[in-house]
Structures are given as structure tokens and as C-alpha cells.
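One structure below.
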Amino acid sequence: MKYWLVKSEPDAYSWQTFVKDGKTAWTGVRNFAARNNLRAMRKGDTVFFYHSNEGKEVVGTAIVVKEAYADPTAEEGDWSCVDLKLRVPLKRPVTLQQIKADAELKEMALVKQSRLSVMPVTAAQAGRLLKLGGL
DNA sequence: GCCAACGTTGGC
DNA sequence: GCCAACGTTGGC
């Protein structure tokens with residue numbers, strides 16, 4: 001069982017919208033590294049949901065319910081998406097500031113590769129995020 | 001709104 | 001196959 005983190009601009013697709021939807025197809029990824037990470041996701045994996053630009057914090061968790069399939073929103077090219085189901089909101093969002101200040105979390109791709117929108121999270125980092133998030 | 005980082009494209 | 005130019009992302 002692995003851990004991941006996906007980013008979304010609240011303007012494009014917010015956590016609040018996800019809460020209403022309950023489940024969503026994670027489409028629109030157009031970056032090879034991010035796509036490959038999507039393809040490496042397995043059913044049951046935990047996915048952290050991060051708000052970029054506005055908020056800049058990890059706000060909740062989701063679970064992979066359908067593994068990679070062809071992204072229906074892609075008009076050309078070889079792109080993939082997965083289906084995510086809502087799990088739980090963090091009791092307290094974990095901000096980028098906190099992440100940068102944390103010895104373990106500052107090693108996350110979120111900090112080191114700011115442009116990557118789908119990335120792996122280690123088990124240790126996941127535990128830390130959940131703890132800081134009050135879960 | 002600016003700018004750094006970095007992925008992608010295209011000319012050679 | 002290299003590398004410069006360009007576009008996009010995302011933090012500040």
C-alpha cells in the first residue's frame with residue numbers, strides 16, 4: 001500500500017467540490033512524470049490532496065478506487081487518469097510552511113519539485129502528515 | 001504581478 | 001542529440 005500526493009488549484013477543482021462529489025476522475029494531467037505516477041497507483045492506495053496557489057496546504061485524503069485508464073479529456077496523446085474517492089479531511093490542514101519547517105517533510109517532492117502535480121509520498125512522510133493533520 | 005524552476009519544442 | 005527559446009506552474 002503506497003502513498004501519493006496530488007495537487008489542485010482550488011479554482012480548478014477544490015477540496016470542497018470533492019467533498020460534494022464524493023468521487024472524481026483525476027483527469028487533465030499533461031506531464032510525463034506525473035502521468036507515470038498516476039499509472040503506478042494501485043487500488044486502495046492513499047492520496048493526499050493539496051491546494052496549490054490558494055491555500056498552499058494539504059487538506060485531506062482520498063483513496064484510489066480505479067487504477068489508470070485513458071483520460072477521456074485528452075484529445076490527443078497518451079494520457080491517463082485514475083478515480084479517487086473521498087476519505088477524510090484533515091482536522092487541521094498542513095501548510096506548506098509547516099512542511100518546509102519539518103525535517104522529514106521538507107524532503108518531499110512537493111518542496112523540491114514544485115511543478116510536479118502527482119508525486120509519491122513515503123510511509124514516514126505520510127505518517128507525519130497525518131499526525132500534523134490531527135488524524 | 002513577478003520571477004525562478006523546469007518541462008517541452010524545434011532548429012541545427 | 002544538443003541546446004536555446006519558449007511556455008507553464010506555483011511560491012512569494
Side-chain angles (χ1 to χ4, degrees):
Chain A
M1 151 104 160
K2 294 200 165 154
Y3 299 91
W4 308 90
L5 181 144
V6 296
K7 297 201 287 203
S8 183
E9 296 184 39
D11 283 350
Y13 190 81
S14 70
W15 173 257
Q16 285 74 19
T17 308
F18 187 33
V19 167
K20 269 183 224 149
D21 292 349
K23 184 184 156 184
T24 192
W26 205 257
T27 57
V29 170
R30 299 291 183 270
N31 167 287
F32 291 112
R35 182 201 69 183
N36 292 342
N37 286 332
L38 278 180
R39 289 182 178 176
M41 287 184 184
R42 292 295 168 258
K43 215 174 184 176
D45 284 356
T46 294
V47 179
F48 290 92
F49 192 112
Y50 175 82
H51 273 164
S52 61
N53 286 325
E54 299 276 322
K56 281 167 284 176
E57 55 193 13
V58 179
V59 286
T61 64
I63 185 166
V64 177
V65 289
K66 186 174 178 188
E67 295 179 9
Y69 58 98
D71 183 344
T73 69
E75 293 185 358
E76 59 174 19
D78 182 23
W79 301 109
S80 298
C81 64
V82 297
D83 284 354
L84 298 180
K85 197 175 126 198
L86 185 85
R87 206 184 221 178
V88 281
L90 296 185
K91 289 209 180 99
R92 281 171 285 120
V94 179
T95 66
L96 183 62
Q97 235 180 354
Q98 281 177 280
I99 289 170
K100 283 184 167 172
D102 187 275
E104 188 111 44
L105 297 179
K106 72 177 181 196
E107 296 302 317
M108 289 180 69
L110 183 68
V111 179
K112 304 197 133 183
Q113 260 179 284
S114 66
R115 293 188 54 199
L116 188 62
S117 62
V118 181
M119 67 195 75
V121 173
T122 67
Q125 290 163 349
R128 192 85 186 111
L129 280 174
L130 291 171
K131 192 177 174 198
L132 289 174
L135 296 180

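Not measured: the values here are computed from a predicted model. So you know, we letter chains A, B, ... as the sequences are listed, proteins then strands, and number each from 1.
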Report yes or no: does [X] contribute a side-chain atom to a donor-acceptor pair with the main-chain N or O of [Y] at less than 3.5 Å?
| X | Y | value |
| --- | --- | --- |
| A:Asp45 | A:Val64 | no |
| A:Arg35 | A:Asp78 | yes |
| A:Arg42 | A:Glu67 | no |

Taking the ring centre of each residue, are A:Trp79 and A:Tyr69 less than 6.0 Å apart?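 Centroid separation for A:Trp79 and A:Tyr69: 6.0 Å or greater.
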
With a strict under 4.0 Å distance from non-hydrogen atoms of chain A, what nucleotide opens and what nucleotide closes the contacted stretch of DNA chain C, reading 5' to 3'?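 From 5' to 3', the first and last contacting nucleotides are C:dG7 to C:dC12.
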
Can you tell me how far apart CD (A:Glu57) and CZ (A:Arg92) are? Round to the nearest 0.5 Å.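 With rounding to 0.5 Å, CD (A:Glu57) is 12.5 Å from CZ (A:Arg92).
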
Using the side-chain contact (heavy atoms from CB on, under 4.5 Å) definition, which of the options A:Leu135, A:Leu130, A:Ile63 pairs with A:Val88?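 Option passing the side-chain contact (heavy atoms from CB on, under 4.5 Å) with A:Val88: A:Leu135.
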
Hey, can you pull the residues of residues 94-110 of chain A with a non-hydrogen atom under 4.0 angstrom from DNA chain C?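 Of all residues in residues 94-110 of chain A, the ones placing a heavy atom under 4.0 Å from DNA chain C are A:Leu96, A:Lys100.
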
Classify the ring geometry of A:Tyr13 against A:Phe49: parallel below 30°, tilted from 30° to 60°, perpendicular beyond 60°.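 If you compare the ring of A:Tyr13 with that of A:Phe49, the planes turn out tilted.
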
